[in-house]
Amino acid sequence: MLLTRLADVSREVAATSARSRKIALLAELFRDAEPDDVPVVIPYLAGRLPQGRLGVGWKVLSRPVAPADAPSLTVREVDARLTELGKVSGTGSQAERARLVGELMGEATAEEQRFLLGLITGEVRQGALDAVAVEGLAEATGAPSPDVRRAVMLAGSLQTVAQALLTDGPTALDRFRLTVGRPVLPMLAHTASSVTEAIGKLGACAVEEKLDGIRVQVHRDGDSVRIYTRTLDDITDRLPELTSAALELRGSRFVLDGEVIAFDDTGRPRSFQETAGRVGSRVDVATAARAVPVSPVFFDALSVDDRDLLDLPFTERHAELARLVPEPMRVRRAVVSGPEDLPAAEEFLKETLLRGHEGVVVKSLDAPYSAGRRGASWLKVKPVHTLDLVILAAEWGHGRRTGKLSNLHLGARTADGGFAMLGKTFKGMTDAMLTWQTERLKELAVEDTGWGVTVRPELVVEIAYDGLQRSTRYPAGVTLRFARVVRYREDKRPEEADTVETLLAAHPEVRP
DNA sequence: TTCCGACAGTGGGGTCGCAAT
DNA sequence: ATTGCGACCCCACTATCGGAA
């Protein structure tokens, strides 16, 4: 199959907003693909490269290359050349990769170049990623879409399932079962604004402490242990403590879900930055492990002794977990039977925060483990802080925000009467707010910078954030974590905005 | 007919590690 | 040695479609 066909379909998919039409277009293309094209066509149309990482980014791709007049590239040829490109490493490799990319781009038409660029940078923006591709695949093969989706979650990969399905038909789905050693996409949580709201929605539930670490899925098969992240990357070699911990547990074949986190000598959690730095260290793991030892804290069991627990209610999965994992290696929790237990749940949240954790996750007791989905049966509750800050500049948006000033630079007042930038945000604004702020900020503009505008520091905005963290990038030495706009405060003057001093006083645990 | 779950899009900061300077 | 870049951790929120209620 020619690449140009994919580029055309991708453009058509992007042009329609109806999800049903997107699915129909993808299904038609999947049906036309030859068996050998399948492992390439499916991920390409889901907006992803089968190679994952290439070591090529914007810097290399932003160099313009004259396009070819007529299409000639086939999808298989493109895939083969990208695979080769990904293997190039060593001195001079960056230049060599850039050369190979340029060569490939030179053989592509303008339309194909756009499509390849989107694929490599992960920004296809056609309004259809894995989930829509799964529907298209189901339509193309006549397999029920829930079954296809489940197989993808269990395989942890769309293209594996696609190839099996298009080669052997719907019966191939039976092959995808939960297997020790093969990671499953983890279940995710929604957000609730309070414990009251969460318990109101879920009824009988477990309230569990939420640790600010790295999500891990631990597989043990006898003496062999493998550890996977949320995106199913294998990080076993970076966490020798976890392998030892898993080998000490009573079972010999299991899959557990949990969090890995670093504690200090007093048992309080260390900052997320410290845990993440440790888990990210790959070169000298032994030294990193001595400096920042980490511990696993489990909260779910997906498989024990070859028994698939995914469809069991949480109560039963947790009973299996408790049988296998002793107390300190399990997340603390309180079980409540409904709104009448609210005081106990509130008390548990308060204690959890005092112990230095992020918040709680409220989980329905009868819900199954919905792999890969942001199911409504897990609700996280975290305290939210707010500040009144002043807008210092704004950047032009991309995609559907093209032409709108989108990303705001936020400043707090300093002792000398000026403003110190604390970070940026593009979150929380409605389309109406985007339109309004674009006009308002243009009025306040003092300089057009190309990427946006700098403005007179007069517009006050209320910002919600999850906490402070240390920063080497911003002048106050701190930055806001997950800042988002709550509302504009036109009733406030910039002199009434919050100061760096009060911000630091509110977070004594963070020393810039 | 209205409501709501699922999805895609729009990007944020930090850290590590490799390659280039 | 330092800097730039890519990959991968953490993540919030809004708009929209289309099936459920």
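Just so we're clear, the structure is a prediction, and the values are computed from it rather than from any experiment. Just so we're on the same page: letters track the sequence lines, and every chain starts at 1.
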Would you say C/dA12 has OP1 or OP2 under 4.0 Å from some side-chain N or O of A/K382?
-> yes

Taking C/dA15, B/dT10, C/dG18 as options, the one with an atom nearest any side-chain atom of A/T430 is C/dA15

Distance in angstrom units between A/R21 CZ and C/dG18 P, rounded | 12 Å

Presence of A/T229 side-chain N/O under 4.0 Å of C/dC9 phosphate oxygens OP1/OP2 | yes

Quick tally for nucleotides 12-18 of chain B: nucleotides whose base has a protein heavy atom under 4.0 Å get B, sugar-phosphate-only ones S, the rest -, giving BSSSSS-

Remember a base hit wins even if backbone is also touched, and classify A/Q126 as base, sugar-phosphate or nothing at under 4.0 Å, heavy atoms.
-> sugar-phosphate

Results of ring pair (Phe, Tyr, Trp, His ring centres under 6.0 Å) for A/H507 - residues two or more places apart only = A/H385, A/Y465

Do the side-chain N or O atoms of A/R230 get closer than 4.0 angstrom to the phosphate oxygens (OP1, OP2) of C/dC9?
-> no

With a 4.0 Å cut-off on heavy atoms, is A/V279 in touch with a base, just the backbone sugar-phosphate, or nothing at all?
-> nothing

Quick one: A/R401 CZ to B/dT10 C1', roughly how many Å, whole number?
-> 5 Å

Which nucleotide sits closest to the side chain of A/D233: C/dT14, B/dA8, C/dC9?
-> C/dC9

Contact class for A/R484 (heavy atom, under 4.0 Å): base, sugar-phosphate, or nothing?
-> sugar-phosphate

How many Å lie between CG on A/L232 and P on C/dC9, as a whole number?
-> 10 Å

Any strand: nucleotide that pairs with B/dC7 via Watson-Crick or wobble, under 3.5 Å | none

What are the residues of residues 199-216 of chain A, sorted by number, that bring a heavy atom to within less than 4.0 Å of DNA chain C?
-> A/K210, A/G213, A/I214, A/R215

Of A/H398 and A/R97, the one whose closest nucleotide on DNA chain B sits nearer the 5' end is A/H398

Go through the structure and list residues passing side chain to side chain donor-acceptor pair (under 3.5 Å) with A/R21, not counting sequence neighbours.
-> none

Residues which pass side chain to side chain donor-acceptor pair (under 3.5 Å) with A/R282, listed by chain and number, not counting sequence neighbours = none

Can you name the residues that form a ring pair (Phe, Tyr, Trp, His ring centres under 6.0 Å) with A/F263, not counting sequence neighbours?
-> none

What integer distance in Å separates A/E123:CD from B/dT10:C1'?
-> 10 Å

Answer yes when A/E84 and A/R81 have at least one side-chain N-carboxylate O distance shorter than 4.0 Å, and no when they do not.
-> no

Measure from CD on A/Q94 to C1' on B/dA19 and round the result to the nearest Å.
-> 6 Å

Between A/D8 and A/R11, is there a salt bridge with N-O shorter than 4.0 Å?
-> yes

For A/W436, which residues count as a ring pair (Phe, Tyr, Trp, His ring centres under 6.0 Å) partner, sequence neighbours excluded?
-> A/Y488

For A/A464, which contact category applies under a 4.0 Å heavy-atom criterion: base, sugar-phosphate, or nothing?
-> nothing

Could you tell me the separation between the CH2 atom of A/W378 and the C1' atom of C/dC11, rounded to a whole number of Å?
-> 17 Å

Nearest-nucleotide 5' precedence on DNA chain B, A/S406 against A/L129 | A/L129

Using the test side chain to side chain donor-acceptor pair (under 3.5 Å), find all partners of A/K210 that sit at least two apart in sequence or belong to another chain.
-> A/E358

Report, one pair per line, the protein and nucleotides 1-3 of chain C atoms (nitrogen or oxygen only) whose separation is under 3.5 Å.
none

When the side chains of residues 405-412 of chain A are checked against the rest of the protein, which donor-acceptor pairs come out under 3.5 Å, sequence neighbours left out?
unit_1, atom_1, unit_2, atom_2, d
A/S406, OG, A/R401, NH1, 2.9
A/N407, OD1, A/T425, N, 3.4
A/H409, NE2, A/E395, OE2, 2.7

Would you mind reporting whether A/V478 and A/L422 have side-chain heavy atoms less than 4.5 Å apart?
-> yes

N-O pairing of A/K363 and A/E208 below 4.0 Å | yes

Whole angstrom is fine here: how far is it from CG in A/L468 over to P in C/dC11?
-> 18 Å

Any side chain to side chain donor-acceptor pair (under 3.5 Å) pairs touching residues 287-296 of chain A, not counting sequence neighbours?
-> A/D284-A/T287

Please list, chain by chain and in numerical order, all residues satisfying side chain to side chain donor-acceptor pair (under 3.5 Å) with A/T438, sequence neighbours excluded.
-> none

